[in-house]
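These notes concern the structure reproduced below.
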Amino acid sequence: QVQLVESGGGLVQPGGSLRLSCVASGSGFSIYVMAWYRQAPGKQRELVARIHSGGTTLYADSVKARFTISRDNAKNTVYLQMDNLKPEDTGVYYCNRGVTWGLGTQVTVSS
């Protein structure tokens, strides 16, 4: 059973940056699509970014040109670099692989 463990969340001022990391246990990491989702208070969970095994990426319109998803297959890790953060980026960020979810990491953007 694969496990996903996120880290890197925190409190940051508007305009600041954070880098989230997600480490996956088990083998075969490189063949899987990995994704980041987020859930703001009172809202549904939404896709933030996705990266395919070959490196193709997809972003939500709200984060394009500000967030970058990447992966290091040698480390079984997927990253989310978040720049120019806005208060509306606040929420719990979850790592996803298929039907497996991490526990999430809180991101709060506030002055």
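The figures here come from the full heavy-atom set of this structure, side chains too, leaving out hydrogens, waters and symmetry mates.
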Beyond-backbone contact of Leu47 with Leu58, side-chain heavy atoms, under 4.5 angstrom: yes
For the student: nearest non-hydrogen atoms of Ala40 and Thr90, plus distance: CB-O, 3.7 Å
Short side-chain to backbone donor-acceptor contact, Asn96 and Ala35, under 3.5 Å: no
More than 12 heavy atoms of other groups within 6.0 Å of Gln44 CD: no
Linked, directly or transitively: Val63 and Tyr94 (ILVMFWY side chains, under 4.5 Å): no
Test item: Thr105 and Val92 side chains (from C-beta on) under 4.5 Å apart, heavy atoms: no
Residues Asp72 and Thr77: side-chain donor-acceptor under 3.5 angstrom: no
Which atom of Arg45 lies closest to which atom of Trp101, heavy atoms considered: NH1-CE3, 3.2 Å
For the student: nearest non-hydrogen atoms of Pro14 and Ser111, plus distance: CD-N, 3.7 Å
Residue pairs passing the salt bridge (Lys or Arg N to Asp or Glu O under 4.0 Å) test where at least one lies in residues 89-99, sequence neighbours excluded: Arg38-Asp89, Arg66-Asp89
Distance in Å, Ser53 OG paired with Met34 CE, rounded so as to fall on 0.5 Å steps: 12.0 Å
Non-hydrogen side-chain atoms of Met82 and Tyr93 separated by less than 4.5 Å: yes
Cluster link Val23 to Phe29, ILVMFWY, side chain under 4.5 Å: no
Ring-ring centroid check Phe67 Trp36, cutoff 6.0 Å: no
side-chain hydrogen bond (donor to acceptor under 3.5 Å, both in side chains) involving Ser7 - partner list, sequence neighbours excluded: none
Any Thr68 side-chain heavy atom under 4.5 Å of Leu80 side chain: no
Leu18 and Leu85, any side-chain heavy atoms less than 4.5 Å apart: yes
Side chain to side chain, Gln3 and Thr100, heavy atoms closer than 4.5 Å: no
Row check, Tyr79 ring normal vs Arg19 NZ/CZ: under 6.0 Å, within 45°: yes
Evaluation steps, side chain to side chain contact (heavy atoms under 4.5 Å, CB included), between Glu88 and Ser62: CA-CA 9 Å; Glu88 52 263 43; Ser62 59; over 6 Å; no
More than 12 heavy atoms from other groups under 6.0 Å of CG on Leu11: yes
Single-linkage hydrophobic cluster, 4.5 Å side-chain cutoff, Leu20 and Ile51 together: yes
Separation of Arg71 CZ from Ser30 OG (nearest 0.5 Å): 7.0 Å
Closest contact, heavy atoms only, Gly104 versus Glu6: N-OE1, 2.9 Å
Side-chain H-bond candidate by donor/acceptor type, Gln106 with Thr108, under 3.5 Å: yes
For Asn76 against Gly26, the heavy-atom pair lying closest together: ND2-O, 2.9 Å
Nearest heavy-atom neighbours spanning Leu4 and Cys22: CB-SG, 3.9 Å
Any residue meeting salt bridge (Lys or Arg N to Asp or Glu O under 4.0 Å) with Lys43, in chain and number order, not counting sequence neighbours: none
Minimum side-chain heavy-atom gap Val78-Cys95 below 4.5 Å: yes
Heavy-atom side-chain proximity of Tyr59 to Arg50 below 4.5 angstrom: no
Donor-acceptor pair, side chain of Gln13 and main chain of Ser110, under 3.5 angstrom: no
Gly54 backbone acceptor or donor facing Thr56 side chain under 3.5 Å: no
